[in-house]
Amino acid sequence: MCGIVGATSNRNVVPILLEGLKRLEYRGYDSAGIGIIKGETIHSWKATGKVKELEACIAAAPDTAQTGIAHTRWATHGKPLKHNAHPHRSDRLAVVHNGIIENHSGLRKKLKEQGYEFNSDTDTEVIAHLLASHYRKSEDLLVALRNTLNQLRGAYAIGVIHEDQPEMLYCARQGSPLVIGVGSEEHFIASDPLALLQVTDTFVYLEEGDHAVISPCGIKQWDASNNPKQVNSQRYEHAEHSMEKGEYRHYMLKEIHEQPAALRDTLTGLFTEDRVLTAILGPEAEKRLHEVQNIHIVACGTSYHAGLVARYWIEDIAGLACNVEIASEFRYRRVAVPANTLLVCISQSGETADTLAALRHARHEGYLATLAICNVPGSSLAREADWRLLTKAGPEIGVASTKAFTTQLAALLWLSAALAQTHGAPPEITGEIVRALHGLPSQVEQALQQDAEIQRLAERFANKQHTLFLGRGPLYPIAMEGALKLKEISYIHAEAYAAGELKHGPLALVDESMPVVSVAPNCQLLEKLKSNLEEVRARGGQLINFACETADMQDQDGITHIHMPWVNSCIAPILYTLPLQLLSYYVALVKGTDVDKPRNLAKSVTVE
Ligand code: G6P
């Protein structure tokens with residue numbers, strides 16, 4: 001939430017800042033702003049709405065500068081209005097901030113008593129005034145920054161420029177991500193390396209509590225105790241992925257169609273022909289996985305749904321007990337951790353505040369080990385967990401997660417098979433999973449060919465306000481994911497039920513105006529599901545059923561079946577996700593919503 005970008009260079013940085021903001025727009029898109037140092041004066045522009053509105057403001061009065069900071073906002077404190085957009089000013093400095101300052105009201109009161117005037121409703125403005133007040137006393141911006149950080153409670157990534165030091169950019173991180181981009185005689189800051197891939201592929205990942213000063217000729221970095229740190233930079237591993245939409249109308253559609261390649265990349269190196277390779281988790285993995293007796297999974301949003309599917313797999317395939325919990329709940333409760341429990345944190349971004357806090361909370365709870373399943377190699381989650389299993393989906397820009405989800409599922413099926421193998425499961429069991437996974441990318445390609453048929457179906461949702469999604473077994477969380485996708489991008493209220501629960505309440509909602517979407521692979525629960533669908537049909541509900549071509553289900557009055565290719569039941573949850581993604585995408589088109597940037601949402605939720 002909120003994206004920061006900053007630059008100090010010998011060339012004009014305004015285009016770099018604007019391009020960075022566009023690449024960070026997935027983090028927030030309700031308003032944006034830029035502050036640059038021109039000569040020895042800070043100039044700023046702010047605009048509500050998308051970055052293109054800001055770009056238009058700048059185009060009307062273009063300017064150049066060699067140092068600047070910029071911000072795209074997802075409002076927490078204060079409405080998305082121009083005066084709340086960043087940067088925020090005090091005296092001769094300007095600040096951009098991502099995060100939430102929890103003690104802002106106390107600080108605001110004290111600063112007002114000192115005579116500071118507030119021009120916004122944001123928590124960020126207290127940082128600007130605090131910095132200014134400390135700078136007045138010390139006349140040293142580094143000292144002022146440290147004194148300010150000492151007074152802040154909550155989460156922040158901040159960038160600061162000051163007219164007295166036109167080449168310098170100060171920054172700090174606590175609880176919200178921040179990287180330094182390393183260039184040749186130029187340096188940058190950003191919330192995410194993606195913002196800077198057009199100018200560098202080398203990054204310094206700030207750790208919690210770090211602060212730094214950058215100028216065109218250098219980087220100085222300190223830890224939370226103000227000890228100088230060696231500046232360690234790393235090459236960004238996803239640099240070869242294209243950030244362009246190419247031939248696609250939306251990132252979401254592009255990302256849906258990238259799934260075969262993303263799955264192939266994720267699965268490469270995880271198997272032989274018929275055996276699971278565990279070395280990806282390190283030399284001790286085989287032995288440590290053998291010790292695991294329980295699994296706890298924590299995640300948020302779509303990643304949580306991946307965890308829910310994994311519970312079915314882990315208990316069924318490996319025979320180990322598995323609990324799945326939403327990270328924002330887990331982090332605030334005392335968890336009973338049985339001996340030899342593995343904690344698995346799933347996150348596309350690796351920066352989701354609650355998931356990260358859950359991992360940190362777990363450090364003192366006696367887990368055997370922690371594993372991050374994550375799509376961003378340099379992210380906080382990937383760096384802080386004992387083990388990491390990286391999905392190789394490449395950058396995901398659409399706010400609604402698609403390829404990140406199916407690659408998480410593939411990684412979790414691998415984990416289930418790895419646990420089964422290290423616990424002595426018969427080779428036929430793991431062999432069958434491995435073979436199914438080998439065939440998965442091409443089956444996904446096949447499933448995507450239903451695009452046109454699903455597009456036609458989407459028309460039926462044009463005037464609908466509510467939809468039910470049904471599934472059973474591991475397809476129940478897939479129904480949940482289908483409902484989440486639909487509400488995220490088309491704003492239609494959608495709820496998912498385990499089909500067996502239908503008659504315990506939701507059936508009361510079913511009439512001829514209610515579309516009901518179900519997923520029915522040819523599994524052992526198919527006959528049970530068919531009965532549940534009859535219950536819907538008998539009430540006049542309009543059923544859309546994604547069914548296996550071998551499931552012997554034909555169109556009848558009130559039921560439309562979309563036939564899916566036969567797949568091994570272990571990979572059915574992955575395959576049946578695809579038509580639900582396409583359905584929500586095309587319904588959003590019918591509704592005319594902003595598919596890639598749905599209202600009120602952000603891709604990376606770095607605040608609680
Ligand atoms: C936000 C995004 C979702 C995502 C969730 C968890 O809500 O809009 O698409 O599933 O965060 O994100 P993570 O990066 O932890 O997977």
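For clarity, every value in this text was computed on a predicted model and none was experimentally measured. For this chain, numbers begin at 1 and follow the sequence in order. Counting starts at 1 for both ligands and their atoms, following the listed order.
For ligand 1, the atoms sitting less than 4.0 Å from at least one non-hydrogen atom of Ser347 are 13 (P), 14 (O), 15 (O), 16 (O), numbered in the order shown with element in parentheses. Listed by atom number, the atoms of ligand 1 under 4.0 Å from Ser401 heavy atoms are 9 (O). Close contacts between ligand 1 and Thr302 involve ligand atoms 10 (O) [criterion: under 4.0 Å to a heavy atom]. Here is the list of ligand 1 atoms found below 4.0 Å of a heavy atom in Ser303: 10 (O), 13 (P), 16 (O).
In terms of protein heavy-atom proximity, atom 12 (O) of ligand 1 is closest to Thr352 OG1, 3.3 Å. Scanning the protein heavy atoms around atom 7 (O) of ligand 1, the nearest turns out to be Val605 CG2, 3.9 Å. The nearest heavy-atom contact from the protein to atom 1 (C) of ligand 1 is Lys603 O, 3.5 Å.
Among pairs with a residue in residues 569-608, those fulfilling ring-ring contact (aromatic ring centres under 6.0 Å, His included) read His250-Tyr585, at least two apart in sequence or across chains.
Using a 4.5 Å cut-off on side-chain heavy atoms (C-beta onward), Leu342 and Asn294 make no contact. Using a 4.5 Å heavy-atom cutoff, the side chains of Lys603 and Arg27 are not in contact. Contact annotation: the side chain of Phe405 approaches that of Ile478 to within less than 4.5 Å [non-hydrogen atoms, C-beta and beyond]. By the 4.5 Å heavy-atom criterion applied to side chains, Leu289 and Trp387 are counted as neighbours.
Polar contact with ligand 1: absent for Gln408 (N/O pair, distance under 3.5 Å).
Not counting sequence neighbours, Lys591 has no partner by the side-chain hydrogen bond (donor to acceptor under 3.5 Å, both in side chains) test.
Note on ligand 1: Val399 sits in its first shell, one or more heavy atoms being nearer than 4.0 Å.
Judged by the 6.0 Å distance and 45° axis criteria, Arg599 is positioned over the aromatic ring of Tyr491.
Here atom 8 (O) of ligand 1 lies nearest to Ala602 when heavy atoms of Ala602, Pro598, Gly301, Cys300 are compared.
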